[in-house]
Participant: 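Handing you a structure now.
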Amino acid sequence: MQMKRRDFLKLSAVGGLGLALPAGSVRMAAAAPNVIDIFFNSDTNVIDFWTQTVKPGFEAAHPGVTLNLVPAVGAAMNALADRSMAAFQAKKDPQVDILEAALPFYPPGSLEAGLWIDFSKAGLSNYSKLNPVSILSPAMLPYRGSQVVLLFNSDKVKSVPTTFPALVEWIKANPGQFTYARPDLGDSGACFIERALQEVTGNKPELFQPDNYSPATADPMFAKLWPLLKDIQPALFKGGEYTSGNTASIQLLASGAISMTVAWSDMALQAINQGVVPPTTDVGQLQDLAFSGGFSGLVIPTVAANRDIALKLADYVISPDIQNHVVEDLGGFPSIEWQYMAKELQERFAKVAPKSIPVFPANWEPPLFEAWYRNVASNIQR
Amino acid sequence: MSAAEPSLRSSLTGLAFIAIPVAAIVIFLFYPAALTIIGTIVHGRPGGGFDVSFKSYIFFFTDPYSLNNLARTLWTTFVALALELAINLPIAIYMRFTRGPLSAVIQGLALFPMFVPGIIICYALIRYLGPHGWLQSLLALVGINDYASPYLTPWGPVIGLLWDGMPLTLLTLISGLSGISDASVEAARDVGASKLRIFVSIILPQITHSLMIASALNFLGFFGQALMPFMLGPTSPEMMGPFMLRTFASVRDPLQASTQATITFLICSLAGLAYVRSIARRPKEDRT
């Protein structure tokens, strides 16, 4: 009975219901020793990857250690971060060892307070192999990257645009055949408007840095973006309807309602492999300046009960061996430098391996997305 | 032993029984809600101390974007509510006065949505009603080619909400209709009353409470909905549910999100009040 209740509390925390419970109010039993609780903010393809590759390899190398892989998306991740913060303040065990695809910037102030482990000082043997472009914060250990691509039906799109102006031209020449997701939902749409922002500011991604956002800098740049997005709006699906996320975009393409959209590389490859989209579906990338992407990483609370084993696991995940699997099995980009990757992969990906994935800083996004809703989406004529 | 004593004791026992749920409601619902509402008006000053200001409300009620969202939410709620009652009342009356296998099948179909999670409904509706979906294919087969999908239009969430609210509405209406005696309907029929007359003079007055309860509960359910408008509805204007969620999670503006939530709460509490009055008045009327 006791066990059931605890499972229920855990589950309800994972389901986001935990938001209603103040994190400190429920007394939880201490985490089981050598069972690492990892919470995933990713789709099932990533959890499959961990189940099939990371978990067996690490458990074999560390007898007695078990990885407990728990899916927890979106608000549930925030609830877990809140719980970690409450446990940190109360000096208790948060029962969270690792958060996957989470950012160390939530709850506000947690990074400065020292809630998350600083990996640059954690003594990981593989840390020096990391590609510097993949590091967003020393408190997040990047281990897989993905990038937004054009996903299109090659039956209808005979020559795929390779520059942003060409894409705009294609959209206008084929009314109703393209759309992108709302920027705050699923991020592929975010990458589209961010690429458009880079276009109207002269293709200089370096203008957007994590530390240079201010309304005074951003607003004049945003002001240049709205005319472009409003200009293509009438040529989008249904005269300017935006999907509710990555899956909805892929579904519109699958039903043949549109011929081209933007999607994450790993989801696009998975949709093609699983036959969700017509067999004539293909992916493309802009050559003048690629769509931005990003790296997902691990964050570890400093108060995690299994902190030392969790750090060993973190080191394992960025080892060349696992990173080769990230490329081969997950369709992702490695977070370590290509020189440490398998020779055969280096050769195979020599042409497509980006020297860097343009990253759009996360702190620019909330004001950009909010302004998009007010300036672009609300001007649709109905 | 005085006569008052047992009734006092039993009322104490009764209070003890409800003490735990009432405490739970106060601790987990009213206290955090009150904190949130106070937080939208009382703002801490950086140097210490407090300011009382209504600036977030002034922003909401002077911001055309927020007002559009509120108007869209009210439109969606009332349209869905009116259609919900218009669709379910005939079904409920049919199920009340008809026995047999067909009525059982209809009852099963009508209550089916209760057992299907909303997110699955959303994806099913997209596949069915969406562009190039099954409905469009079926219509094309019989030569109707000008089908415009409600997906991503204001009618998308209305259809989703209709589906979602159907079981609750039906159950409430059927329970109201079950109070009507067959004898009264038959008596009216014997003296030659038309079906419309029976409905207006006998059925309708007796199910006013059920209609009120169904309306109030559906209003609450529809007004705060986040999933259906988010999955099936247009990008803009948004309904209050997704708008609050986005303001909180994506815009990271907890103050404005709390303000939207408070306004939503105040509007919904009107429906709550109607509901409470409706169920509180009933026993009194039954007694007289």
Side-chain angles (χ1 to χ4, degrees), chain A residues 16-17 19-22 25 74-75 77-78 105-108 176-177 179-187 189-190 233 236-245 247-248 251-258 278 362-363 365-382, chain B residues 24 27-29 31-33 35 63-69 72 75 119 122-134 136-137 148-157 226-238 242-243 245-254 256-257:
Chain A
L17 293 170
L19 281 168
L21 300 172
S25 72
M77 285 308 265
N78 285 355
F105 309 117
Y106 184 90
Q177 293 300 305
T179 196
Y180 57 96
R182 297 164 207 174
D184 58 317
L185 303 173
D187 275 354
Q233 184 159 277
L236 297 179
F237 174 62
K238 277 195 182 176
E241 266 317 339
Y242 306 92
T243 65
S244 60
T247 310
Q251 212 172 26
L252 271 190
L253 185 83
S255 73
I258 55 173
N363 58 332
E365 289 184 334
L368 175 64
F369 297 173
E370 169 69 354
W372 179 87
Y373 270 88
R374 288 169 176 274
N375 288 289
V376 181
S378 60
N379 290 347
I380 304 172
Q381 297 299 317
R382 277 177 216 290
Chain B
I27 293 169
F28 291 115
L29 226 68
Y31 178 65
L35 278 188
D63 176 32
Y65 184 75
S66 302
L67 290 175
N68 271 344
N69 289 348
R72 168 54 45 84
W75 180 88
I119 184 86
C122 288
Y123 274 112
L125 284 177
I126 296 173
R127 293 297 284 271
Y128 178 67
L129 297 169
H132 296 219
W134 297 332
Q136 187 169 6
S137 311
S149 165
Y151 175 49
L152 298 180
T153 72
W155 291 100
L227 182 73
M228 301 280 176
F230 168 79
M231 294 287 298
L232 303 171
T235 312
S236 172
E238 304 161 272
F243 184 38
L245 209 63
R246 194 171 64 77
T247 308
F248 182 73
S250 164
V251 186
R252 296 182 204 164
D253 186 349
Q256 208 53 41

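Computed from heavy atoms alone, side chains included, the values below leave out hydrogens, waters and symmetry copies. A, B, ... follow the sequence lines: proteins, then strands. Residue 1 opens every chain.
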Participant: Let's test your reading of the structure: which of A:L185, A:T243, A:L252 forms the most heavy-atom pairs below 4.5 Å with chain B?
Facilitator: A:L185

Participant: Search all heavy atoms of B:L152 against all heavy atoms of A:E241 and return the closest pair with its distance.
Facilitator: O-OE2, 3.2 Å

Participant: How close do B:R246 and A:F369 get, heavy atom to heavy atom, and via which atoms?
Facilitator: NH1-O, 4.4 Å

Participant: Under 4.5 Å heavy-atom distance to chain B, tell me which part of A:R374 shows up: side chain, backbone, both or neither.
Facilitator: both

Participant: Under 4.5 Å heavy-atom distance to chain B, tell me which part of A:F237 shows up: side chain, backbone, both or neither.
Facilitator: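 Contact with chain B involves the side chain of A:F237 alone.
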
Participant: Out of A:G245, A:A257, A:P183, which one racks up the most heavy-atom pairs below 4.5 Å with chain B?
Facilitator: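 Counting heavy-atom pairs under 4.5 Å, the top option is A:A257.
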
Participant: Looking at B:Y65, I want to see if its OH is surrounded by more than 12 non-hydrogen atoms of other residues, nucleotides or ligands under 6.0 Å.
Facilitator: yes

Participant: Examine whether an atom of A:I258 lies under 4.5 Å from a heavy atom of chain B, and if so say whether it belongs to the side chain, the backbone or both; otherwise answer neither.
Facilitator: neither

Participant: Pick one of side chain, backbone, both or neither for B:N68, based on which atoms fall under 4.5 Å of a heavy atom in chain A.
Facilitator: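 For B:N68, no heavy atom lies under 4.5 Å from chain A.
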
Participant: Counting only heavy atoms not in A:Y106 (residues, nucleotides, ligands), do more than 12 fall under 6.0 Å from its OH?
Facilitator: yes

Participant: Based on non-hydrogen pairs under 4.5 Å, which of B:R127, B:H132, B:R252 is most in contact with chain A?
Facilitator: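 The candidate making the most pairs under 4.5 Å is B:H132.
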
Participant: Of the backbone (N, CA, C, O) and the side chain (C-beta and beyond), which part of B:I126 lies under 4.5 Å from a heavy atom of chain A, both, or neither?
Facilitator: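 Contact with chain A: side chain only.
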
Participant: Taking A:K238 for its side chain and B:T153 for its backbone only, find out whether a donor-acceptor pair lies under 3.5 Å.
Facilitator: no

Participant: Please report the C-alpha distance between A:Y373 and B:T247 in whole Å, then the side-chain angles of each, then the deciding distance to 0.1 Å, and finally whether the side-chain contact (heavy atoms from CB on, under 4.5 Å) criterion is met.
Facilitator: CA-CA 11 Å; A:Y373 270 88; B:T247 308; over 6 Å; no

Participant: How far does CZ of A:R182 sit from CD of B:E238, to the nearest 0.5 angstrom?
Facilitator: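 Separation between the atoms: 8.0 Å.
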
Participant: I need the minimum non-hydrogen distance between A:S378 and B:S236, along with the two atoms involved.
Facilitator: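 Looks like CA-OG, 3.1 Å.
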
Participant: Roughly how far, to the nearest 0.5 Å, is OG1 of A:T247 from CE of B:M231?
Facilitator: 8.0 Å

Participant: Does any heavy atom of chain A fall under 4.5 Å from the side chain of B:Y151, the backbone, both, or neither of them?
Facilitator: both

Participant: Identify which part of A:Q251 has an atom lying under 4.5 Å from any heavy atom of chain B, answering side chain, backbone, both or neither.
Facilitator: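 For A:Q251, the side chain is the part near chain B, not the backbone.
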
Participant: Looking at every non-hydrogen atom in both residues, tell me the closest pair between A:P366 and B:S250 and how far apart they are.
Facilitator: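 Looking at all heavy atoms of both residues, the shortest contact is CB-O, 3.2 Å.
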
